[in-house]
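A quick write-up on the structure given underneath.
No hydrogens, no waters, no symmetry mates; every other heavy atom, side chains included, goes into these values. No experiment lies behind these values; they were computed from the predicted model shown.
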Amino acid sequence: MSLNKSTRTIVPGAIVLFLILFVVYAACVGAFSTVSNQAYKAPAEAPKTDQAKAMVMAEALVDPLEEELDSFFGWLPNDLFFIPSIIDNKTNYQLGVLYATRSASDVLEHEIARYGDRDTIPPMLVNATSQDFAFSSDVWGWWVFYNSEKRYRSGIKNWRLWASEVGNENSKKAQVYNVTTNNMVQIISWANNLMEYTLGVLNDVKVGHFQSDDVIYYVKGICRVVDSVLEGLIQCDNSLVERGGKENVDEVLKRFQMISKFNPVYVVAGSYGVGDSFWPNHIAAMARHIDIVSNRLSDIKKTMEK
């Protein structure tokens, strides 16, 4: 009799304790997960050797994703107990970072890691793009089991492995770093295509008030990666500034900085269909920044193609 009574007391108590811990954890994730002021970390000195340039570009690519993996609460899209849908701003930001990292890895492996179109792509970069970064974002696992974090860290490791092997005369599988004007144009084209994609996401008429924050932070995540890759490229080759136009490049970087800092207390898409509401329209504000970036990138591309 006493055992049954004890069981009836323990089970509800355990459920209540779990709910309390869940609410506290979700509140902490929501309060301390930042979605603002993430920015490219420039090297102390401009790289001079091919290996140094390869390392800058590899870091520029993987830094945004690693930053999210190493954040205090880690990778949220594969968290359990509905955390991704509750803490949706940070989750969508991380999904944006992943989306852009996947496409950036694909374009960079083709444009900077070989001499010509007929050369083979380094196997570690093929693995990073087609296996590691392509892994699903919501797979949870523990210990020896595959999970999203483990595969993404493997992709990061593969890019750094490639960079460490560039120009290594002591390695039987030494890699190359090669960026011509045409390669730079292709990377700019990739960046501009992503900006056009984000404009399409922002201008989707199906986006309602309660989805506007998801869209804003997803776009911020994409911009974080594009900014990082472009700034890494500028560090490695100043001809992008010289030929693309300093004014254009400066405006692109300034707008990316604005997008990084864009973090309303509460996202409002006031009268999104018409835009004449008393409330601000944060989607339109973000779209203006993206539109300017896209126009400037288009100008840079046209100038460099001449």
| query | How close do A128 and G155 get, heavy atom to heavy atom, and via which atoms? | reply | CB-O, 3.8 Å
| So how far is it from F133 CZ to I156 CD1, rounded to the nearest 0.5 Å? | 5.5 Å
| message | If hydrophobic clusters are built from ILVMFWY residues whose side chains come within less than 4.5 Å, do V249 and L233 share one? | response | yes
| query | Just by distance, do the side chain of K48 and the backbone of A46 share a donor-acceptor pair under 3.5 Å? | reply | yes
| task | Determine the minimum heavy-atom distance between E109 and A113, stating which atoms define it. | result | O-CB, 3.7 Å
| query | Looking at side-chain heavy atoms only, is the closest gap between V126 and S130 below 4.5 Å? | reply | yes
| Any K41 side-chain heavy atom under 4.5 Å of E59 side chain | no
| note | Value for CG (L199) from CD1 (I290), rounded to nearest 0.5 Å, stands at 6.5 Å
| query | Are any non-hydrogen side-chain atoms of R296 and R255 less than 4.5 angstrom apart? | reply | no
| task | Answer whether the closest heavy-atom distance between the side chains of Y217 and T91 falls below 4.5 Å. | result | no
| said: Tell me the closest heavy-atom pair linking W140 and N147, and the distance in Å. | reply: C-CB, 4.0 Å
| Shortest non-hydrogen contact from L253 to D227? | CD2-OD1, 3.8 Å
| task | Measure the CZ-CG distance between R224 and L65 for me, rounded to the nearest 0.5 Å. | result | 10.5 Å
| message | For a 4.5 angstrom cut-off between non-hydrogen side-chain atoms, does L297 reach K301? | response | no
| request: Enter the distance from Q51:CD to N168:CG here, rounded to the nearest 0.5 Å. | output: 6.5 Å
| Contact summary for V139 and N78, nearest pair of heavy atoms | O-ND2, 2.9 Å
| request: Determine the minimum heavy-atom distance between K173 and Q175, stating which atoms define it. | output: O-NE2, 2.9 Å
| task | Give me the one residue out of V176, I112, I121 that meets side chain to side chain contact (heavy atoms under 4.5 Å, CB included) with W162. | result | I112
| message | Does any part of the side chain of E111, heavy atoms only, come nearer than 4.5 Å to the side chain of V179, both counted from C-beta? | response | no
| request: List the steps and the verdict of side chain to side chain donor-acceptor pair (under 3.5 Å) for Q94 and E68. | output: CA-CA 7 Å; Q94 292 183 341; E68 295 309 308; 3.1 Å; yes
| query | Any link between M195 and M184 through a network of hydrophobic side chains (Ile, Leu, Val, Met, Phe, Trp, Tyr) touching at under 4.5 Å? | reply | yes
| request: Give the C-alpha distance, both sets of side-chain angles, the deciding distance and a yes or no for side-chain contact (heavy atoms from CB on, under 4.5 Å) between D132 and R153. | output: CA-CA 8 Å; D132 298 324; R153 289 190 187 280; over 6 Å; no
| message | Here's a test for you: under side chain to side chain contact (heavy atoms under 4.5 Å, CB included), which of K246, K254, E247 qualifies with D250? | response | K246
| task | Compute the ring centroids of Y99 and Y197, then answer whether they are less than 6.0 Å apart. | result | yes
| message | Go through it in stages, so that I can follow the logic: the residues are M57 and L61, the test is side-chain contact (heavy atoms from CB on, under 4.5 Å), and I'd like the CA-CA distance, side-chain angles, deciding distance and then a yes or no. | response | CA-CA 6 Å; M57 290 305 299; L61 168 64; over 6 Å; no
| query | Relative to the ring of Y152, is the ring of W75 parallel (under 30°), tilted (30 to 60°) or perpendicular (over 60°)? | reply | perpendicular
| query | Can you check side chain to side chain donor-acceptor pair (under 3.5 Å) on T180 and N183, steps first, answer last? | reply | CA-CA 5 Å; T180 65; N183 298 132; 2.9 Å; yes
